[in-house]
K.L.:
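This is the structure, below, for whatever I ask next.
Within every chain, numbering begins at 1; the chains are lettered A, B, ... in the order of the sequence lines, protein sequences first and strands thereafter.
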Protein chains: 2
Amino acid sequence: MDLTPACGLSIEEAASTFAALGSEQRLGVLRVLVRAGPPGLSIGALGAAAGVTGSTLTHHLRILTQAGLVQQTRQGRSIICAAAAFDRVQALSGYLLTECCADCATPGEHDHG
Amino acid sequence: MDLTPACGLSIEEAASTFAALGSEQRLGVLRVLVRAGPPGLSIGALGAAAGVTGSTLTHHLRILTQAGLVQQTRQGRSIICAAAAFDRVQALSGYLLTECCADCATPGEHDHG
DNA sequence: TGTTCATTTCGATAATCTTAGAAATATGGA
DNA sequence: TCCATATTTCTAAGATTATCGAAATGAACA
């Protein structure tokens with residue numbers, strides 16, 4: 001039986017991506033990063049803005065990067081980080097909305113109120 | 001300074017909701033539940049279908065319920081669980097899309113391809 | 001090549017999460 | 001009341017995650 005969902009995320013990928021977002025610290029980092037926009041921020045600047053530095057920041061950044069939520073590019077001595085949340089969040093909501101609900105509901109009908 | 005986002009989720013709520021989804025086991029439980037649709041399933045039936053039982057299931061169910069992803073109703077001897085993922089996923093994507101990106105992008109412009 | 005700045009790896013500790021068995025609680029029925 | 005069923009609480013072990021300081025690596029520049 002094929003369990004691969006339509007949105008292209010396996011249950012393992014979905015879980016680890018959700019887990020990557022499941023930390024206030026990382027959500028804070030991502031927040032700074034997303035607000036910084038396409039140009040991104042160096043890891044140093046990011047750490048200063050988010051209140052996380054050194055090896056701890058490296059740790060969280062690895063998790064966010066592996067989840068595809070952040071992209072890194074070397075620029076001179078620094079490493080520039082930029083958020084890539086749009087696609088991921090769409091894939092994530094797609095995971096629950098399309099994959100999980102394929103049998104029981106039509107996505108698009110759900111209402112917020 | 002007010003950090004409350006437009007989508008109504010605080011960073012703490014967002015993080016704990018993401019964390020609730022950040023487990024293959026819980027994602028599996030939620031999957032069964034969402035596919036079961038509005039009528040829901042008893043905890044026993046849910047556990048049997050998802051391959052999780054007893055205290056472990058109680059544990060995961062508490063997390064999902066506290067995150068607002070699952071709702072429980074007593075029905076005779078059993079407790080019926082039903083998924084409430086639609087609203088939450090919308091709030092969650094809203095969190096990243098609206099709250100995080102308020103300064104740098106207009107939600108709605110992001111494209112999947 | 002040597003120096004400096006930026007980031008990572010290493011190593012250790014504390015904290016949190018997961019899982020599960022056994023006992024306890026709650027509900028419905030005889 | 002007594003019994004059977006359904007779920008939870010208690011308790012504890014094992015696994016994973018978070019955090020941090022110090023040393024190490026990588027890149028640019030004199």
K.L.:
Using atom NE2 of A:His60 as one end and atom C1' of D:dC20 as the other, report the distance to the nearest whole Å.
P.N.:
11 Å

K.L.:
Without swapping roles, check the side chain of A:Thr56 against the backbone of A:Val52 for a donor-acceptor pair under 3.5 Å.
P.N.:
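No.
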
K.L.:
Rounded to whole Å, please give me the gap between CG in B:Leu27 and C1' in C:dT18.
P.N.:
16 Å

K.L.:
Out of curiosity, B:Thr58 OG1 to B:Ile43 CD1, how far, rounded to the nearest 0.5 Å?
P.N.:
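With rounding to 0.5 Å, OG1 (B:Thr58) is 6.0 Å from CD1 (B:Ile43).
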
K.L.:
Please tell me if the side chains of B:Thr53 and B:Leu57 come closer than 4.5 Å, counting only heavy atoms from C-beta onward.
P.N.:
no

K.L.:
Could you walk me through whether A:Leu92 and B:Leu21 pass the side-chain contact (heavy atoms from CB on, under 4.5 Å) check?
P.N.:
CA-CA 10 Å; A:Leu92 249 22; B:Leu21 291 167; over 6 Å; no

K.L.:
What is the nucleic acid contact for B:Thr53, judged by heavy atoms within less than 4.0 Å: base, sugar-phosphate only, or nothing?
P.N.:
nothing

K.L.:
Quick check: do B:Phe18 and A:Thr17 have side-chain heavy atoms less than 4.5 Å from each other?
P.N.:
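Not in contact.
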
K.L.:
Let me know the distance between CD1 of B:Ile63 and C1' of C:dT16, rounded to the nearest Å.
P.N.:
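Whole-Å distance recorded here is 11 Å.
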
K.L.:
Under 3.5 Å, which donor-acceptor pairs do the side chains of residues 62-84 of chain A form with other protein atoms, sequence neighbours left out?
P.N.:
residue, atom, partner, partner atom, Å
A:Thr65, OG1, A:Leu61, O, 2.6
A:Arg74, NH1, A:Gly76, O, 3.3
A:Arg74, NH1, A:Arg77, O, 3.3

K.L.:
Partners of A:Ala19 by side-chain contact (heavy atoms from CB on, under 4.5 Å), sequence neighbours excluded?
P.N.:
none

K.L.:
Which residues in residues 17-26 of chain A have at least one heavy atom lying under 4.0 Å from any atom of DNA chain C?
P.N.:
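Residues of residues 17-26 of chain A that come under 4.0 Å of DNA chain C do not exist, since none gets that close.
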
K.L.:
Need one value for A:Thr56: base, sugar-phosphate or nothing, where a base atom within 4.0 Å counts as base even if backbone is also close, heavy atoms only.
P.N.:
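The residue A:Thr56 makes base contact.
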
K.L.:
When you compare the protein's N or O atoms with those of nucleotides 25-30 of chain D, which come within less than 3.5 Å of each other, and at what distance?
P.N.:
residue, atom, partner, partner atom, Å
D:dA27, O3', A:Gly76, O, 3.3

K.L.:
Which atom pair, heavy atoms only, marks the closest approach of A:Val32 to A:Ala49?
P.N.:
CG1-CB, 3.7 Å

K.L.:
Please round to the nearest 0.5 Å and tell me the distance separating atom CD of A:Gln25 and atom NE2 of A:His60.
P.N.:
4.5 Å

K.L.:
Would you please name every residue forming a side-chain contact (heavy atoms from CB on, under 4.5 Å) with A:Ala45, sequence neighbours left out?
P.N.:
A:Leu41, A:Ser42

K.L.:
Mind listing the N/O atom pairs, protein and nucleotides 8-12 of chain D, below 3.5 Å?
P.N.:
residue, atom, partner, partner atom, Å
D:dT8, OP2, B:Thr58, OG1, 2.8
D:dT9, OP2, B:Arg62, NH2, 2.9

K.L.:
Taking atom CG of A:Leu27 and atom CD of B:Glu13, what is their separation to the nearest 0.5 Å?
P.N.:
12.0 Å

